[in-house]
Protein chains: 2
Amino acid sequence: MSDPEYGQRTETLQRPTPAAARDAVATGIERDALVTVYGRCTVDYDGRATSFLEEGDRHVMLKPDGASLVHTDEGQQPVNWQPPGCDHEAFCEDGALVLESLRSTPDERLRVRFQEVLQVSAFAGTDESELALIGTEEDLRQRLLEEPDLLESGFTPLATERDTPAGAVDIYGEDAAGQAVVVELKRRRVGPDAVGQLRRYVDALERDLHAEATVRGILVAPSVTDRASRLLTEHGLEFVSLEPPAE
Amino acid sequence: MSDPEYGQRTETLQRPTPAAARDAVATGIERDALVTVYGRCTVDYDGRATSFLEEGDRHVMLKPDGASLVHTDEGQQPVNWQPPGCDHEAFCEDGALVLESLRSTPDERLRVRFQEVLQVSAFAGTDESELALIGTEEDLRQRLLEEPDLLESGFTPLATERDTPAGAVDIYGEDAAGQAVVVELKRRRVGPDAVGQLRRYVDALERDLHAEATVRGILVAPSVTDRASRLLTEHGLEFVSLEPPAE
DNA sequence: CCGTGGATATCGACC
DNA sequence: GGTCGATGTCCACGG
């Protein structure tokens, strides 16, 4: 497109007519912009579940990847939404702006009908940047491999991701006495599920090694729930409190 | 406040100066409005984890309940966020607009620094409406309680949410032969996890009732994964295909 | 493509 | 406030 104005990054209308709003939304979608509409509306969802929202003021966001989000002034979660991969449509019906986001597999439809549009915006910029997240389970593993004594004095790591019939063990090694040790890492507080996981590893490895081999199982996490703690004792497993590196 | 303009529901600035943007955001927060800012920014999060986003165009939403959401043009989920209950702050630093959302327990900080602000909006309306969702697990339970024969001929429900050491059973009852039956409901296709859950209920109830009591376990869902199906057979459990009522 | 497990999960219910 | 289970979970990864 040769229109020099095409490069402009935002387009906003205040209190537009339904037709003007429809055009602005349609143009925004067309240009792969992020489109937002704020106003008084009802919301219909029909698909894996069914829902209906009475008239209220809400913020609707249509993303170029096909996602839609309907937000009220409360809560971290949208009150209604559609995942990426939908087709957005904007049209007027009985003199009102209607936004629809549709997809198949599964068949789902989100429909927002505006009694009043206070603002329509289209933002054409893009992100292009990746999130750098640290403090993960991988960081915790690095930390333990660098300083095995954090687990216990004399611990020697022998392998990471050692394979067992029950899956890959986070860290496999031996203690000061030369006994096999299975270490299961979790970056946050753990519940009974992690205990079950560790137990399966220990069982699988004992079967794998020798008939009468004993394998120690140690769960490493910042903390543990009460129920999980009891389960650990029950199954002769151990717990070491360690957090992923702070930075 | 006696300002007649106070009642206006939206306030929007295009390409404001950092100071003007700060004032608009601060006023919006003050008035319990939903505030959005779009522009080129970096994002810092530090708390339960740590993350950093390089410069990019993003849409930031600050809610009056203390939630913040940072959206790019992709994905249903925000790339960064803060849950409700935070304090929002807006200020200028080195000539740039900075938004911060802070909370304690746990100590978390989200910080968005704008290199360029394309738009600031404050929306003062409120929602006040509740979501009506149908086609839930509860609907499925109602359906089964109204027509127990849907499960199998002669089934008699005796209790819902019957408590066991493993948690509350969806429906507890007895079959035509008077044998105890545990029913676990799922509104959608189930995997191995649901089988485990049902098994825990059955085990717990067998321990609860008598030493040699036998309890039947029936999983009710629209469909079941292959692996889960095998697990059911393995553990002597049963499956009945039923969907939540359509409307 | 389906299935499985992780998440700064979120959210509600219950203790 | 914690603890646990459910979610229209979403999401990445592996078979």
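Throughout, protein chains are lettered first and strands after them, A, B, ... in sequence-line order, and every chain is numbered starting at 1. Because only heavy atoms are used, hydrogens play no part in the values below, and waters and symmetry mates are left out as well, while side chains stay in.
The side-chain hydrogen bond (donor to acceptor under 3.5 Å, both in side chains) pairs that include a residue from residues 163-172 of chain B number zero, where partners must be two or more places apart or lie in different chains.
Put simply, CZ on B:Arg103 is 11 Å from P on D:dG1, counting in whole angstrom units. Separating the CZ atom of A:Arg200 from the P atom of C:dT4 is a distance of 13 Å, rounded to the nearest angstrom. Counting to the nearest Å, the P atom of D:dC10 and the CG atom of B:Leu69 are 16 Å from each other. Rounded to whole angstrom, the span from the CG atom of B:Leu110 across to the C1' atom of C:dT8 amounts to 11 Å. As rounded to whole Å, 13 Å separates atom C1' of C:dT4 from atom CZ of B:Arg230. The distance from atom CG of B:Leu198 to atom C1' of D:dA6 is 16 Å, rounded to the nearest whole Å. In this entry the distance linking CG of B:Asn80 with P of C:dT10 reads 11 Å, nearest Å. Rounded to whole angstrom, the span from the CZ atom of B:Arg199 across to the C1' atom of D:dG5 amounts to 18 Å.
Note on A:Gln82: a base of the nucleic acid sits closer than 4.0 angstrom, heavy atoms only. Looking at heavy-atom distances under 4.0 Å, B:Pro192 makes contact with sugar-phosphate atoms alone, never a base.
Residue A:Trp81 has no polar side-chain atom (N or O) positioned under 4.0 Å from OP1 or OP2 of D:dT9. For A:Gln76 and C:dA9, the shortest distance from a side-chain N or O to OP1 or OP2 is not below 4.0 Å.
Salt bridge absent: A:Asp46 and A:Arg109 never bring a charged side-chain N and a carboxylate O closer than 4.0 Å. Contact check on B:Arg141 versus B:Glu161 returns a salt bridge, with a Lys/Arg side-chain nitrogen under 4.0 Å from an Asp/Glu carboxylate oxygen. For the pair A:Arg199 and A:Asp203, the salt-bridge criterion is met [side-chain N within less than 4.0 Å of a carboxylate O]. For the pair A:Glu238 and A:Arg216, the salt-bridge criterion is met [side-chain N within less than 4.0 Å of a carboxylate O].
Of all nucleotides listed (C:dT4, D:dC11, C:dT10), C:dT10 comes nearest to the side chain of A:Gln77. Of the listed nucleotides (D:dA6, D:dC11, C:dT10), D:dC11 has the atom at the smallest distance from the side chain of A:Pro84. Of the candidate nucleotides C:dT8, D:dT7, C:dT4, C:dT4 has the atom lying nearest to any side-chain atom of B:Arg227. Distances were taken from every side-chain heavy atom of B:Tyr45 (C-beta onward) to each of C:dT8, D:dA6, C:dT10; the shortest belongs to C:dT8.
Taking the C1' atom of each, D:dG14 and C:dT8 are spaced 25 Å apart, rounded to whole Å.
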